[in-house]
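Sequence lines set the chain letters: A, B, ... in the order given, protein chains first and strands last, and positions in each chain run from 1.
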There are 2 protein chains.
Amino acid sequence: MTTTNPTWEPRRLTAVAVELPEGVAPPGTRGRILHAGLKLYADLGFHGTSIRQIAAEVGINSATLYAHYPSKEHILAELVYIGHDGLFRELEQALADAGPSPAERLAALVRAQVYSHTDYPLLALVANSELHALSPESAAPALTLRERSRQLLYEVLIDGVASGAFSVADVTLAGIAIGSMGVRVASWFGPDQPYTREQVAEAFITYAHNIVGAR
Amino acid sequence: MTTTNPTWEPRRLTAVAVELPEGVAPPGTRGRILHAGLKLYADLGFHGTSIRQIAAEVGINSATLYAHYPSKEHILAELVYIGHDGLFRELEQALADAGPSPAERLAALVRAQVYSHTDYPLLALVANSELHALSPESAAPALTLRERSRQLLYEVLIDGVASGAFSVADVTLAGIAIGSMGVRVASWFGPDQPYTREQVAEAFITYAHNIVGAR
DNA sequence: GTCTATACTTTGATAGAC
DNA sequence: GTCTATCAAAGTATAGAC
């Protein structure tokens with residue numbers, strides 16, 4: 001193959017709605033740019049997407065983008081931040097609404113993570129898979145939120161072990177395993193498979209309980 | 001920010017050895033190109049890497065690359081195939097060496113996947129995270145191997161349920177959960193954390209057994 | 001096989017009119 | 001805010017000498 005087929009473009013996801021959580025998208029053109037960036041970054045990756053593709057998706061000239069964002073990277077930075085911030089808020093709210101037992105609190109976290117990824121799969125994919133394309137300064141706010149989210153899980157696990165509700169040899173590895181189930185959801189959940197978000201969440205809650213030996 | 005800082009480059013991984021399994025790298029310059037591609041694709045992604053960077057890493061002129069590979073994509077295609085083929089072979093060998101019980105066979109698969117990712121993290125990362133950058137035709141052989149690897153796991157799970165060794169409501173979701181723990185290993189395992197590959201494997205085997213309710 | 005030189009395209013971003 | 005027009009740089013890949 002010595003030439004590139006211009007009609008083919010790689011696709012990372014089956015077609016799903018390009019959606020952001022309510023209230024987080026800026027109004028007007030800036031918001032439409034953000035949605036277009038979300039769709040294209042999820043599909044082609046940050047480096048695989050050109051500023052002209054984003055503009056075409058919005059229906060504006062590429063130069064107009066720079067009236068709303070100072071660079072291509074700033075569009076990604078906003079998406080990555082929104083994704084991490086949204087997940088962290090969902091996790092915090094889930095804990096606030098959860099019952100007092102460690103098992104209930106762990107279930108609330110797993111459910112919130114699964115729903116976050118099933119409801120906004122493009123956002124989850126971009127936030128997790130394209131973060132590495134950001135400069136350290138642009139990535140820092142999202143990384144702080146990721147660390148805080150991680151802490152929410154570990155506090156629940158540590159409490160559960162301390163109270164005897166959980167029985168697990170290594171809390172860190174158990175947390176990694178539970179988190180791994182969750183972050184992968186956006187990569188396989190979609191309209192081409194038969195499960196509802198609720199079925200996935202309840203199954204993964206059971207697995208998480210099994211992993212930590214919840215009584 | 002209106003200009004790009006040419007001295008900064010995004011980094012996806014902490015420094016680890018750039019290694020391929022024995023015997024899979026072609027001899028001579030072609031093999032050195034493959035190693036350079038592995039390192040750079042893992043670090044910067046396929047679209048984030050230029051043909052000139054690969055050539056510079058090898059220490060040759062960029063034009064010389066085309067005496068060994070017909071395109072940038074062919075280098076990635078070979079890496080993605082090697083990664084999927086290597087994992088599949090390891091899984092098959094693990095089953096051949098495993099004891100007869102479903103629990104032993106599941107343990108063998110989990111251990112093989114963990115070792116494959118801890119021993120060749122760059123290869124695992126490129127094979128899984130950059131596959132989407134390939135054309136459908138270039139990706140097909142790897143996808144076939146991935147499906148066959150998936151089947152190995154599901155056969156063990158189905159056997160375990162049929163024999164009463166496992167107790168799990170949904171084999172598909174359990175398989176996804178177990179596979180998710182494994183594919184994430186390359187993203188966090190490295191010299192900056194305290195676990196050995198054996199510790200990770202044994203912990204994940206326990207979690208897998210817990211997920212499927214192994215008796 | 002490897003090089004120098006270069007063709008040609010696409011890229012991110014800017015200038016300036018309206 | 002949006003456009004047309006354009007720049008400078010970087011991109012993949014090729015031609016042809018050695």
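- There is no side-chain donor-acceptor pair under 3.5 Å between B:Thr206 and B:His209.
- Partners of A:Tyr120 by ring pair (Phe, Tyr, Trp, His ring centres under 6.0 Å), not counting sequence neighbours: none found.
- Residue pairs that meet the salt bridge (Lys or Arg N to Asp or Glu O under 4.0 Å) test with at least one member in residues 117-135 of chain B, sequence neighbours left out, are B:Arg12-B:Glu130, B:Asp119-B:Arg197.
- B:Tyr69 has its side chain within reach of B:Arg30: a pair of non-hydrogen atoms, C-beta onward, lies under 4.5 Å apart.
- Between the P atom of C:dT11 and the NE2 atom of B:His47 lies a distance of 11 Å, rounded to the nearest Å.
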Side chains of residues 173-191 of chain A: which donor-acceptor pairs under 3.5 Å do they make with residues two or more places apart or in other chains?
from	atom 1	to	atom 2	distance (Å)
A:Ser180	OG	A:Ile176	O	2.8

Along nucleotides 2-7 of chain C, 5' to 3', which nucleotides get a B, which get an S, and which get a -, given that the test is a protein heavy-atom distance under 4.0 Å?
-> BBB---

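- For the pair B:Leu65 CG and D:dT14 C1', the computed distance is 13 Å after rounding to whole Å.
- Scored by the side chain to side chain contact (heavy atoms under 4.5 Å, CB included) test, B:His35 finds B:Val18, B:Leu20, B:Ala25 as partners (sequence neighbours excluded).
- In the helix from C:dG1-D:dC18 to C:dC18-D:dG1, the end axes, each obtained as the rotation axis mapping the C1' atoms of four pairs onto the next four within a five-pair block, lie 0° apart to the nearest 10 degrees.
- Between A:Glu202 and A:Arg111 a salt bridge is recorded (basic side-chain N to carboxylate O distance below 4.0 Å).
- Applying the 4.0 Å criterion to OP1 and OP2 of C:dT10, one finds that A:Ser50 has every side-chain N and O outside that range.
- Taking 4.0 Å as the cut-off between side-chain N and carboxylate O, A:Glu147 and A:Arg150 count as a salt-bridged pair.
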